[in-house]
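Structure, as structure tokens:
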Amino acid sequence: MELTYQINKDVIEISETVMETDVEFEIRVLAEDKWAGMKKIQKFFEEDRVYTDVLFYAYENHRFRVIVRKDYYVDFILALMKYRLVESAVWS
Amino acid sequence: MEQQAIWAIGIFLVIYALIISEKIHRTIVAMIGGLLMVGLGIVDQETALHHIDFNTLGLLIGMMIIVSITADTGLFKFIAIWAAKKSKGNPVSILIALALITAVASAFLDNVTTVLLMVPVTFSITRQLRVPPIPFLLTQIIASNVGGTATLIGDPPNIMIGSAVKELTFMSFISNLAPIAVIVLIVYVPIFILLFRKQIQTTPALTKSIMDMDEKELIADSKLLRKCLAVLGLTILGFFLHQSLHLESATVALAGAFILLLLTGEHMMETAFTKVEWTTIFFFVGLFVLVSGLVETGVIAKLAAQAIELTNGDPVATSLLILWLSAIASAFLDNIPFVATMIPMIQEMGNMGVSNLEPLWWSLALGACLGGNGSLIGASANLIVAGMAGKEGHPIKFMKYLKYGFPLMILSIVISSFYVYFRYLM
């Protein structure tokens, strides 16, 4: 089973690259009101007990590069879902 | 030997063996040892309390509170990424920059706190560059122990020595130990480059990804950061001036901590207090009482007499004996109980007529702090980094560490031997 998700292109731009042990996301938050949500996700993963689960790299213009360990892929997508940065997620 | 002294030695040896075996948490073991000393009447409660060095405890608690609040601002991540960008994203330059940041931070914060702050950001940078984190972690362990040697507040052995010997001020630690710490680091840097440069190659694209980062985004709370920097600056200034102000270092650290809590508000207090390492604090309490049993029964005085007999009271031989013994012992044993035992022994040597104790104190500090680099179990910071690395799938094995750490530790003790000899004994 694979988790797929849908986004609102007015809210966020996401692209994924699958690597050997992780998935790299290029993310740009377009909606100003969703930026706080993204920062909360960053804070959540930075303060949990696993240091390399989800790593955030901030760039200008609300852009993020996020390296997600494959075993934390679902956790990350669900965190995006929680803060409505993705619209829906389904197992397919 | 009196019956009480035999009991004290027996309890001390059993407790020491249990601490080394790591079968039971060292804090529980040390506290039980201390309680046995009181419970069996080897020292009475009043004397035991008198032996607990509240200056060491207050200094540790104060600094832990200040650092825990400052860490929440994102300052340490900001510094690491800023340094990585200044290094043009070059992994070798970043390795050296992070090691130097660790050394400087360890001089003013305790080593464990420093590595707890540095390791997560190291994982982050190395993952982005797709280079193995182990060379970075090894150099940071080694740098933290060298940096911690430089000041009174850098490493628990120095805190304990500074607290026990009132003449050794914050400034005297800096003027006597910072030069040798800098020399050792200068010698280590080219060795680090030679040892690790081939293991940490990256691509221009990944280098660029570091250069494009916006480190300002890492500052989580700039208002809180300003308050923390002001208090941290004042606290460090207070350490420099503590003797002129007739204040103990613990008073300075606790004043800093509670002024910061006053400025940040009550809501930070609960979190800050939960981040104080109470296990370390009680470990110290147990140890102070445990060693008091040896002091009060005259065991330490006997050991000091034997050490003087062994070296004929010769200051060169005594200093070098303490330096090398402390280094080898600290490489394989916890340096905190070792120093707790050595302090009363050196004080006793003073009572027995050894006139110049200064080289002995610096030898003890250098041996105990730098000796921590000798093996993976030599210092708490080493174990903390190894634990964090292992949890993230990058185990640092005992033998792998020993291959790098032990020769580097021996090199630093050789340099320190010359330093102690030429500076204090010639």
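Keep in mind that what you see is a predicted model, and the values were worked out from it rather than measured. Every chain is numbered from 1, with letters handed out A, B, ... down the list of sequences. Below, each value reflects all heavy atoms present in this structure, side chains not excepted, and no hydrogens, waters or symmetry copies.
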**OP:** Let me see the working for A/Glu26 and A/Ser15 under side-chain hydrogen bond (donor to acceptor under 3.5 Å, both in side chains), right down to the final yes or no.
**Re:** CA-CA 5 Å; A/Glu26 296 287 340; A/Ser15 66; 5.9 Å; no
**OP:** Please assess B/Arg130 against B/Thr202 for the test side-chain hydrogen bond (donor to acceptor under 3.5 Å, both in side chains), listing each intermediate value before the final yes or no.
**Re:** CA-CA 7 Å; B/Arg130 301 220 169 260; B/Thr202 190; over 6 Å; no
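Taking the six-membered ring where the residue is Trp, the centroids of B/Phe136 and B/Phe123 are separated by 6.0 Å or more.
Only the side chain of A/Lys39 comes within less than 4.5 Å of a heavy atom in chain B; its backbone stays farther off. Only the side chain of B/Lys77 has a heavy atom closer than 4.5 Å to any heavy atom of chain A. For A/Arg65, the part sitting under 4.5 Å from any heavy atom of chain B is the side chain, from C-beta outward, and nothing else.
Donor-acceptor pairing under 3.5 Å is recorded for the side chains of B/Glu392 and A/Thr52.
The most heavy-atom pairs under 4.5 Å with chain A, out of B/Met388, B/Lys216, B/Gln128, B/Glu215, come from B/Gln128.
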